[in-house]
Structure formats: C-alpha cells, structure tokens
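We name chains A, B, ... by the order of the sequence lines, and we start the count at 1 in each one. Here the structure is a predicted model, which is why all the values come from computation and not from measurement.
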Number of protein chains: 2
Amino acid sequence: MTPTHASVATRTAEIFHALSDETRIELIHILRRGEKCVCDLTSALDAAQSRLSFHLKVLKDAGLVTDRKQGRWVHYELNDHAFAEAHRLLTGLEPQVVPHLKKAEGCC
Amino acid sequence: MTPTHASVATRTAEIFHALSDETRIELIHILRRGEKCVCDLTSALDAAQSRLSFHLKVLKDAGLVTDRKQGRWVHYELNDHAFAEAHRLLTGLEPQVVPHLKKAEGCC
DNA sequence: TTGACTCACCAAGATTTTTTGATATGTTGT
DNA sequence: ACAACATATCAAAAAATCTTGGTGAGTCAA
C-alpha cells in the first residue's frame, strides 16, 4: 500500500522533529560509536537523567534508536534503517529537476 | 576553517527544525515543481497569508528557500544547496560502521 | 492621487515542547 | 529483607513555537 501524502508529511515532520534539538543531536553523536547505557549518556552530557530519558523517548518514538534492557541498565543504539528512511524522505522534498521552466513574469 | 562541533549541532538543529512542521513540508512540496509566489501558496494551502509568511521566513532563514521580488510579488524557490547540506548533516549523524564492537555486558 | 493589491512584520493569545524535581518500578549485592 | 542503584514517568513550571488579526510599506493601474 502506498502511503498517503498526509502520512508522508506527518512522518517527515516526526523524524525531522526528532533531529531538530541540540541535546538529541549530541546524544546521537555519542551513539554513533555504538551502544551506550543511559548512565554513560548522562555523564557524557552532564545532564539530568529525566531530561535525557525524555529525549531518548523522542528518538525512540521516531524510530531513530532502539533500546535493550539488561539488568538494571538500558542500552540505546542508533537504528540504521531510520537514517536511511530520513534520507529517502529528504530526497522526497528536494527540488525536482525540471528542464527549463521559465520564471513567472506576472502572477495571480 | 573547520566548523566546531557546537556549530554543526546548531546548524543541524536549525535545518531539521525547518523541516519538522507539516505546513512547511506542504510548502516545500508545492515548491518542488518550481518557483511560486506567496499568493499561489496561500491559495494552494488555503492558509492565512501571515501564517505562510511566518513559515516561509523559517524556511528562508534556514536557507532552504530563496526569494525573488518582482513588482508586488515575491517568488519563492527551493535551494538545492541546502538540501545537499541537509543530506551531509544527516550522514554525519549516522551510525559509524565499526567492525565488531561487542555489546557491553555490565555497565557503569 | 487614490484605491486596490501583495506581502512582511508585530503583538497577543494559544499551543506545544522542554526542563525540573519528585516519585515509582525493577534490579543487584549484602 | 534491605539498601543502593538505573531508569521511566509524572506534574508543574518555563520556554519555544505557531496562529491570528492588525498595520504599514511598496507597487500598480485608473
């Protein structure tokens, strides 16, 4: 089934929203090197635990990270597929190359 | 000069924030076909002019669109370069392929 | 010059997102 | 069982974003 325009726009907004906050970008930056537990992240960013928990949830809801529970710890990891999807969605917004569309002279 | 980590994160947040709103995504979708004036956009989206003006400014500040004044009209157009930049920034967030990093057993 | 028109911008209000501090749940080691 | 720990979640406050209605600047045609 092909997605509707609206659902594509909604998903596009969601995934890019997840990427639109500096704290989340720093989290992702740390996670690029591989799985980390929340405690590693809080000490790396020197941020309150509940704050990171909030941001990790935004990333997880958008599908950008996955989590793995192990004992008392929860490990987060980046999800390749979501990044590939983000590239595709971005491509879907790019200007279409149209041969030679002349500029409008007047308008409306 | 190579950009600082902070400035890359800031720029990443800005460009993806611009792409994180459905109204702006719809605007971009219309602009994919080529330059349009604000009046075309307001009638296409059936939205208040001041509302679109706000969103167009967000897109313009992020560098995603350029504008061109002609008489009473202002034409907006997508900017290829910014989309290329967005792809690069997105790539800079992707998981790095690390040979075989074993999962942490314990933690902290 | 006047009036109609396109658009940017501003201020106020509405809505959404983020931060903070507190509490709850489950785990581990003693 | 108990204490220490890791994490999620909640409510309230703070901050940021978005919408709305209004105004003003510039352009054009009559």
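- Distances shown here put every side-chain N or O of R72(B) at or beyond 4.0 Å from the OP1 or OP2 atom of dC28(D).
- Whole-Å rounding puts the D61(A) CG to dT17(C) P distance at 12 Å.
- In this structure, F54(A) places its CZ atom 15 Å from P of dA11(D), rounding to the nearest Å.
- For the pair K57(A) NZ and dT17(C) C1', the interatomic distance rounds to 14 Å; values are reported in whole Å.
- Residue H55(A) places no side-chain N or O under 4.0 Å from the OP1 or OP2 atom of dT20(C).
- You'll find that the side chain of D21(B) is closest to dC18(D), out of dC18(D), dC9(C), dT19(D).
- In this structure the side chain of N79(A) never reaches within 4.5 angstrom of the side chain of L64(A), judged on heavy atoms.
- With hydrogens and angles left out, the side chain of Q49(A) and the base of dA6(D) share no donor-acceptor pair within 3.5 Å.
- Rounded to whole Å, atom P of dT6(C) lies 17 Å from atom NZ of K36(B).
- The CG-P distance, from L59(B) to dA8(C), rounds to 12 Å in whole Å.
- As a whole-Å value, the separation of H75(B) NE2 from dT27(D) C1' is 13 Å.
- For dA8(C), one of the phosphate oxygens OP1 or OP2 lies less than 4.0 angstrom from a side-chain nitrogen or oxygen of Y76(B).
- Taking every side-chain heavy atom of S50(B) into account, dT20(D) is the closest of dT20(D), dT18(C), dA4(D).
- The existence of a salt bridge linking E14(B) and R11(B) is confirmed by a sub-4.0 Å separation between a basic side-chain nitrogen and an acidic carboxylate oxygen.
- Using a 4.0 Å cut-off between charged side-chain N and carboxylate O, K36(A) and E77(A) make no salt bridge.
- Checking T4(B) against S7(B) by side-chain atom types alone, a donor-acceptor pair falls below 3.5 Å.
- The separation between L56(A) atom CG and dT9(D) atom P is 11 Å, rounded to whole Å.
- Put simply, CZ on R51(A) is 16 Å from C1' on dT7(D), counting in whole angstrom units.
- When the nearest nucleotides of DNA chain C are assigned to K69(A) and V74(B) by heavy-atom distance, the more 5′-ward of the two goes with V74(B).
- Residue H17(B) places its side chain closer to dC18(D) than to any other of dC18(D), dT9(D), dT17(C).
- The distance between the ring centers of H29(A) and H5(B) falls below 6.0 angstrom.
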